[in-house]
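Residue numbering restarts at 1 for every chain, and letters A, B, ... go by the order of the sequence lines.
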There are 2 protein chains.
Amino acid sequence: MATGRSHRPATRSRGIPEATVARLPLYLRALTALSERSVPTVSSEELAAAAGVNSAKLRKDFSYLGSYGTRGVGYDVEYLVYQISRELGLTQDWPVVIVGIGNLGAALANYGGFASRGFRVAALLDADTALAGKLVAGLPVRHIDELETIVADSQVSIGVIATPAGAAQEVTDRLVAAGVTSILNFAPTVLSVPDGVDVRKVDLSIELQILAFHEQRKAGDEDRQEPDGDVPAVMPA
Amino acid sequence: MATGRSHRPATRSRGIPEATVARLPLYLRALTALSERSVPTVSSEELAAAAGVNSAKLRKDFSYLGSYGTRGVGYDVEYLVYQISRELGLTQDWPVVIVGIGNLGAALANYGGFASRGFRVAALLDADTALAGKLVAGLPVRHIDELETIVADSQVSIGVIATPAGAAQEVTDRLVAAGVTSILNFAPTVLSVPDGVDVRKVDLSIELQILAFHEQRKAGDEDRQEPDGDVPAVMPA
DNA sequence: CCATCTTTGTGCACGCGTTCACAAAGACAT
DNA sequence: ATGTCTTTGTGAACGCGTGCACAAAGATGG
């Protein structure tokens, strides 16, 4: 029992579980919405509903950050917005380069969610010389060969890859060599990077395939289909 | 409104764990690449490397599908491609509607990974009448009011939402009412849907924020930037 | 046919994440 | 103050996912 509280729950220890980190942006978004409506405080129950999670999970998540709530009242919205922003590192400026200015790259460049969260598009890069100089989201597209210079000059540590799959690994290598240590990959490829470099991937096709799996299951619930049904002529052995 | 139930209905699919389902598309992609190079068989070790996972995990994943390997040899590439495709439901045709034909919607419409995996874009929808009739990826953009007709006529069960956040819930409600039971959401909002409808979300901003967290942690390791600095005047209580 | 070698399939243990359930902490009214 | 009421913070149990390590299965060669 926590009757004799002898030591602090390690507010500052970087022992924040990965699953919790992944939910912090979700909470932050819900809190920002509340903040814009000038709501002063919010209970874990209300906030959890807004974020689409379980309230116990939310409380446990916040407990990793520290004791920022008030029992009987809830959480101070503004205070929590600040604490989560700080924890996520959003109180500082993160220059980002986007490589590959096709449809997707342009969509990313135009995405408003960046600027509002401390992310600043430092440059748009593409291998196509025909694109060079064209304005996308108010920024000129620059040639990929300027990558190294731009990353160094603008202290870019985050790169976004929106190139075709074939170019992704080479671009990654150049970004890493230039000093980038975090990569958000939209290309449908497995990237290999040295230790110390973080890669997160977003894959549209994979998400759809997962949906298809569940969709098939729904449809097949009454249509009990034997898994070893008919198989093409190929069989091992 | 239906309370935003955070559904994680456990893994009672077909006995196939959710985590495994999420990796099957990854294996499928690696296998397809091997197939195109006419590689007849592959070991769990090789395939795992290509997919970027642990080989034991891969073998366990495959074991949920059945015993499709041959000890001492490995897996028959073509056979495995077929089995995974069938398990994911990719041997059938999945008509998809994309709602919101901005930069992102256009990028999705042009994405080649759809058609090659059994997904067929049945229609592109947008609320902007100025877009109506315009060709995107060879398909005419149609007005959102045609949603119900199109979903019904084309037997669409999967919807992709690429609208602004403010429109996402309403579009979702209309899709669901029209019969769609799987939704891929790109809008930065929590969607509430009735039971039986699957939602997967892709959020660019969240991914970047997670990267920022790790990036900050890396930078702060040596640079010990006073984490407990000043807090804005706001304090709870 | 037997020995050896390769690679699968899986039992098992461990660690992380989720959820329950409740005591502690504070607000608020009297 | 004291009691009541609300809501947080968290101990504990549980379940899922991961990875090790190895026996079983089959190929291959002599």
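For the pair Tyr64(B) OH and dT10(C) P, the interatomic distance rounds to 10 Å; values are reported in whole Å. Between Asp61(B) atom CG and dG9(C) atom P the separation is 12 Å, expressed in whole Å. Per the geometry, CZ belonging to Arg71(B) stands 16 Å off P belonging to dC22(D), to the nearest Å. For the pair Glu18(B) CD and dC16(C) P, the interatomic distance rounds to 22 Å; values are reported in whole Å. The nearest whole Å value for the distance from the CG atom in Leu65(A) to the P atom in dG9(D) is 10 Å. In this structure, CD1 of Ile16(A) is placed 12 Å from P of dG17(C), rounded to the nearest angstrom. Remark: P of dT8(C) and CG of Asp76(B) are 13 Å apart, rounded to the nearest angstrom.
A donor-acceptor pair under 3.5 Å is absent between the side-chain atoms of Glu45(A) and the main chain of Ser55(A), judged by distance alone.
Closest heavy-atom contact between Tyr27(A) and Ala51(A): CD2-CB, 3.8 Å. The two residues Gln216(B) and Trp94(A) make their nearest non-hydrogen contact at N-CH2, 3.8 Å.
Taking Pro17(A) as the reference, Thr20(A), Tyr64(A) meet the side chain to side chain contact (heavy atoms under 4.5 Å, CB included) condition, with sequence neighbours excluded. Applying the side chain to side chain contact (heavy atoms under 4.5 Å, CB included) test to Gln155(B) and every residue at least two apart in sequence or in another chain returns nothing. Scored by the side chain to side chain contact (heavy atoms under 4.5 Å, CB included) test, Arg200(B) finds Glu207(A), Ile210(A), Leu211(A), Glu18(B), Leu184(B) as partners (sequence neighbours excluded).
Listed in residue order, the members of residues 37-48 of chain B having a heavy atom less than 4.0 Å from DNA chain C are Ser43(B), Ser44(B). Within residues 27-36 of chain A, no residue has any heavy atom closer than 4.0 Å to DNA chain D.
For Glu170(A), the CD atom counts as loosely surrounded, since its 6.0 Å shell holds 12 or fewer non-hydrogen atoms of other residues, nucleotides or ligands.
Side-chain to base pairing of Lys60(B) with dT18(D): no donor and acceptor N or O lie closer than 3.5 Å to each other.
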Compile the donor-acceptor pairs under 3.5 Å between side chains in residues 29-37 of chain B and protein atoms, sequence neighbours left out, one pair per line.
unit_1	atom_1	unit_2	atom_2	d
Arg29(B)	NH1	Pro188(A)	O	3.4
Arg29(B)	NH1	Asp203(A)	OD2	3.4
Arg29(B)	NH2	Asp203(A)	OD1	3.4
Arg29(B)	NH2	Asp203(A)	OD2	2.2
Thr32(B)	OG1	Leu28(B)	O	2.7
Ser35(B)	OG	Glu78(B)	OE2	2.5

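Contact annotation: Arg23(A) reaches the phosphate of dT18(C) (side-chain N/O to OP1 or OP2, under 4.0 Å). Look at Arg59(B) and you won't find any side-chain N or O under 4.0 angstrom from OP1 or OP2 of dA21(D). Regarding contacts with the backbone of dG19(D), a side-chain N or O of Lys57(B) is found under 4.0 angstrom from either OP1 or OP2.
Applying the ring-ring contact (aromatic ring centres under 6.0 Å, His included) test between Phe62(A) and each of Tyr75(A), Tyr79(A), Tyr68(A) identifies Tyr75(A) as the sole match.
Along DNA chain D, the nucleotide nearest to Tyr75(A) and the one nearest to Ala56(B) differ in position, and the one closer to the 5' end is contacted by Tyr75(A).
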